[in-house]
Amino acid sequence: MRKYTSVHDVADLDQLVKEAQHLKANPYKYKTLGENRTLGLIFLNPSLRTRLSTQKAGQNLGMNVIVMNLDKEGWALETQEGAVMNGTTVEHIKEAAAVMGQYCDIIGIRSFPKLQNREEDYSEELLNQFIKYSQKPIVSLESATRHPLQSLADLLTIKENAVAGKRPKVVLSWAPHIKPIPQCVANSFAEWMGQADVDLVITHPEGYELAGEFTKNATVTTNQEAALQGADFVYVKNWSSYTEYGQVLTDGEGWMLTNEKLKETNNAKVMHCLPVRRNVELSDEILDGPSSLVLEQANNRTYAAQAVLKRMLEAL
Ligand code: CP
């Protein structure tokens, strides 16, 4: 594997999930695979889970791991081709990515969308430039449009908690938030579930439709109560509007999941990628109760990352 930016980079989804399960049971089995190999983790945005779990995954495989908060510790990056750099940017991505490629065998990069210009964000310019100029295998640690390591961990969590022999009903339920949040986790989750052995229903208020390329295999409804009927898993997530790009269109009153709403489901397990704003996106009663899988999801981030890094190391 040379690139891990979406589900489309995975030829055999079931096998990758099985590999993550195997690594969860045997985290140090491939301790020598990454010997004398360097993993560079580059962050242009904050992170707790992605940073620590991917660092741990690399270390479990015996890799040296370098982490850099490029937004705070690096030079201001220029991404425009042909730019006259007489303004605030100090270093062009052409040199920055190429230099990192010299220091690292595999590079992970996190860069959020700016939520101002949809075309610009959805072009994934920064991620694609890193792929082009670093000349090294690239793992997305969350990009403008997707969060594939999160989605693999989510699928692993669903497989581990699903009732054997039953195709689970999975509901992606929009939740309120106080500020504009990217669509990437929701896009990515919908795209991955669309390739998995599940029935996916997406529910959100009017105006929060995700881009059609991510929801091809989903049923979409603005009726949350109907969506929750018989659900086995409810994935709670806020996102800002895609159609009125980056806008918050409603305060979302009535959309927060509660134990009362869960009565409509098939004793559904509740998921969230974290960080979560308690009692805004999800209630204390759910997060502190038996239906919550949020910590299992976070734990599975390590083995999702380890499965991807293992494949990349094997292909070096
Ligand atoms: N879920 C997730 O990506 O968490 P962080 O932003 O803390 O990495």
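Counting convention: from 1, in listed order, for ligands and their atoms alike. Fair warning: this is a prediction, and the values are worked out from it, not measured in the lab. The figures here come from the full heavy-atom set of this structure, side chains too, leaving out hydrogens, waters and symmetry mates.
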Shortest heavy-atom approach to atom 3 (O) of ligand 1 - which of Gln297, His147, Gln150, His272: His147
Salt bridge between Asp232 and Lys269, side-chain N to carboxylate O under 4.0 Å? no
Just to confirm my output: which protein heavy-atom neighbour is closest to atom 4 (O) of ligand 1, and how far is it? Arg49 NE, 2.9 Å
Decide whether a cation-pi geometry holds between Lys310 and Tyr30; the criteria are a distance under 6.0 Å from NZ or CZ to the six-membered ring centre and an angle within 45° of the ring axis. yes
Quick one: which of Arg51, Arg301, Glu142 has a heavy atom closest to atom 2 (C) of ligand 1? Arg301
Between Pro46 and ligand 1, does any nitrogen or oxygen pair lie at a separation below 3.5 Å? no
Polar-atom distance check: Cys273 versus ligand 1, any N or O pair below 3.5 Å? yes
Atom 7 (O) of ligand 1: closest protein heavy atom, distance to 0.1 Å, is Leu48 N, 2.7 Å
Which is it for Tyr122 and Gln183 under the side chain to side chain donor-acceptor pair (under 3.5 Å) test, yes or no, and what are the steps along the way? CA-CA 10 Å; Tyr122 274 65; Gln183 296 100 33; 2.6 Å; yes
Looking at Lys136 and Asp105, does any basic side-chain N land under 4.0 Å from a carboxylate oxygen? no
Would you mind telling me if ligand 1 is within reach of the side chain of Arg110, the backbone, both or neither, using heavy atoms under 4.0 Å? side chain
Decide, yes or no, whether a salt bridge links Lys261 with Glu264 under the criterion of side-chain N to carboxylate O below 4.0 Å. no
Asp71 and Asn45: CA distance, side-chain angles, deciding distance, side chain to side chain donor-acceptor pair (under 3.5 Å) verdict: CA-CA 7 Å; Asp71 57 330; Asn45 301 96; 5.8 Å; no
Using side-chain heavy atoms (C-beta onward) and a distance below 4.5 Å, is Asn300 in contact with Lys24? yes
Examine the proximity of ligand 1 to Val185 and report which part, side chain or backbone, both or neither, has a heavy atom under 4.0 Å away. neither
heavy-atom search around atom 1 (N) of ligand 1 in the protein gives Leu274 O, 2.8 Å
